[in-house]
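Here the structure is laid out as structure tokens; the discussion comes afterwards.
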Amino acid sequence: MDHGKITDKNDMVTIEQCGLIILGNSGVGKSFLANVFVGREAFAHKFSSSSVTRATEFEEIELGDLPFTVFNIPGLIEAEQERIDLNKREIDKAFSLRPNSIVMFVFGHQGGRICEEDVVAFNAINAAYRFQPESLVLVVNGLPKRRPSNYEGSTLVLLQNLLQGTSVNNNNVCFLDLINVNDLNERQHLKEKLLQVFVECMPSEHHKEQEIETLVDQLKQGTQRIKELQAQIEAEQDKYKKEIEEGQRVFNQTMTNHQTEIESLQRSIQKQDQLYAEQQCRYQEENKRYQLELQDLRRKAEEAQRYYEKLRQEQEIKQEQLRAAEAARQHAHAMYQALLAQAAPSPPARRKKKHWWK
Ligand SMILES: Nc1nc2c(ncn2[C@@H]2O[C@H](COP(=O)(O)OP(=O)(O)OP(=O)(O)O)[C@@H](O)[C@H]2O)c(=O)[nH]1
Ligand SMILES: [Mg+2]
């Protein structure tokens, strides 16, 4: 298979491009976030007791002038092993179509707590595809807007402990508020928050090193271990207090910096928009003038064509007249010759003159 290329809905081979592979368990909001990137309701997402996305879908988008294929993939962990196996194949499909990708792993939460199942899913896919620090974005989705002021800091520390072998820091974790999905401003703000983390990323190659291992009983063991680790971190709050405070401080600082960057970016986007609108206006005026000139030229060309046609017809008439005159002249000449031949008597025979002396 040609890994770098992909066929679109019309079976056309499109140019080589990067993927945005959104992973996570069922119901964490993958399809919803994919739509935020795409900018429209491209993928089905709904409040449902069973999984919604059942097969891998994708859409082509442009992010900062770069073409990306956004994948909407089923969540990994479900109740039946059969479905987990199907879901693994759907995840493999996305990686084989776009090995060069940015991976966005979405975590859900229960009352702010990171779900053990999500950690197990992360570790299982990470073991198979070895996520790279430069191309990994971690998202905690659907958080209440009002949450403890140290939530981000403590969750960072927790994730650093749970996602072993993975770099977890302020630059690759994104905490997203539960927004009103119909509010366009909130959606835009959410997209900007995601893009803040995105701009720090570079797509990298992902190749399968092993199968995604998730047997239901292994899952149970894994979740038990994670529960214990969470409880331990909770119990040793004091030990982690400094780390959490530092994490939160750096996180807040990063957010303030990003906010300033976004504001200046927005100003430059506004300026660009204004320039573009002016250009568009100039272009429309020029286009209008050009259309008028074109109409004028067309009218003149039609006139010239009509004049030429008239001249051609006149020329034909003249030629016809010339031919008729020539025929008449020839006829007259022939008549003249005939008349000449009739009217002129043959000269009398010359008599010899007699002289008197003969
Ligand atoms: N109000 C609100 N709803 C959200 C938000 N994020 C996700 N949701 C909703 O949560 C529900 C589940 O989201 P989906 O995007 O379908 O979840 P998924 O991860 O794609 O789930 P599967 O397709 O089953 O794997 C949907 O109803 C989403 O609209 C949010 O920020 N605000
Ligand atoms: Mg979905």
Side-chain angles (χ1 to χ4, degrees), residues 19-59 61 69-95 97-98 101-122 124-125 136-147 151-152 155 173-198 212 214 216 219:
L20 167 55
I21 298 183
I22 305 177
L23 300 170
N25 279 323
S26 184
V28 292
K30 298 181 298 299
S31 306
F32 165 72
L33 294 176
N35 287 337
V36 167
F37 273 106
V38 174
R40 62 189 173 82
E41 294 294 280
F43 307 118
H45 64 107
K46 65 174 183 205
F47 189 79
S48 155
S49 57
S50 55
S51 59
V52 173
T53 309
R54 290 277 168 128
T56 295
E57 307 164 295
F58 59 83
E59 281 280 331
I61 59 160
T69 308
V70 178
F71 286 92
N72 180 41
I73 309 175
L76 176 62
I77 297 174
E78 292 195 54
E80 313 98 62
Q81 184 64 49
E82 207 180 302
R83 280 240 44 101
I84 296 181
D85 291 339
L86 280 174
N87 295 341
K88 282 187 216 173
R89 283 207 284 280
E90 294 301 309
I91 294 170
D92 289 340
K93 213 186 268 176
F95 278 109
L97 286 169
R98 285 280 182 273
S101 282
I102 288 180
V103 170
M104 184 168 119
F105 195 95
V106 186
F107 291 85
H109 70 95
Q110 273 174 353
R113 283 110 180 124
I114 296 295
C115 305
E116 297 91 8
E117 268 192 0
D118 292 351
V119 177
V120 170
F122 178 92
I125 309 175
L136 178 65
V137 176
L138 302 169
V139 171
V140 184
N141 188 37
L143 291 167
K145 285 175 191 156
R146 288 166 71 91
R147 51 184 180 264
Y151 182 79
E152 284 85 355
T155 309
V173 184
C174 191
F175 293 91
L176 296 181
D177 292 346
L178 184 75
I179 62 153
N180 172 0
V181 292
N182 299 319
D183 186 323
L184 292 181
N185 281 337
E186 286 205 327
R187 275 179 97 113
Q188 183 58 26
H189 185 65
L190 199 77
K191 185 172 182 178
E192 279 162 12
K193 265 195 108 172
L194 282 168
L195 289 177
Q196 281 169 22
V197 184
F198 236 78
I212 303 171
T214 45
V216 174
L219 283 181

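Just follow the structure's listing: the first ligand is 1, and inside any ligand the first atom is 1.
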Say whether G27 and ligand 1 are in contact under the criterion: heavy-atom distance to a ligand atom below 4.0 Å.
-> yes
Would D177 count as a contact of ligand 1 if the rule is a heavy atom under 4.0 Å away?
-> yes
Hey, does I73 come in under 3.5 Å of ligand 1, counting only N/O atoms on both sides?
-> no
Those atoms of ligand 1 less than 4.0 Å from some heavy atom in K46 | 11 (C), 12 (C), 16 (O), 26 (C), 27 (O)
If you round to the nearest 0.5 Å, how far is CZ of R83 from CG of L76?
-> 11.0 Å
Applying a 4.0 Å heavy-atom criterion (strictly less than), which segment of L176 is in contact with ligand 1: side chain, backbone, both, or neither?
-> neither
For atom 6 (N) of ligand 1, what is the nearest protein heavy atom, given as residue, atom name and distance?
-> F32 CD2, 3.1 Å
Is S31 close enough to the Mg ion (ligand 2) to have an N, O or S atom under 2.8 Å?
-> yes
Is ligand 1 less than 4.0 angstrom away from at least one heavy atom of N180?
-> no
Atom 3 (N) of ligand 1 has as its nearest protein heavy atom V181 CG1, 3.6 Å
Which part of H45 is near ligand 1, with near meaning a heavy atom under 4.0 Å away: side chain, backbone, both or neither?
-> both
Any idea which protein heavy atom is nearest atom 20 (O) of ligand 1, and the distance to it?
-> S31 OG, 2.7 Å
Within T53, is some N, O or S atom less than 2.8 Å away from the Mg ion (ligand 2)?
-> yes
For atom 2 (C) of ligand 1, the option (of I179, I22, N182, V36) bearing the nearest heavy atom | I179
Does the protein put any heavy atom within less than 4.0 Å of atom 10 (O) of ligand 1?
-> no
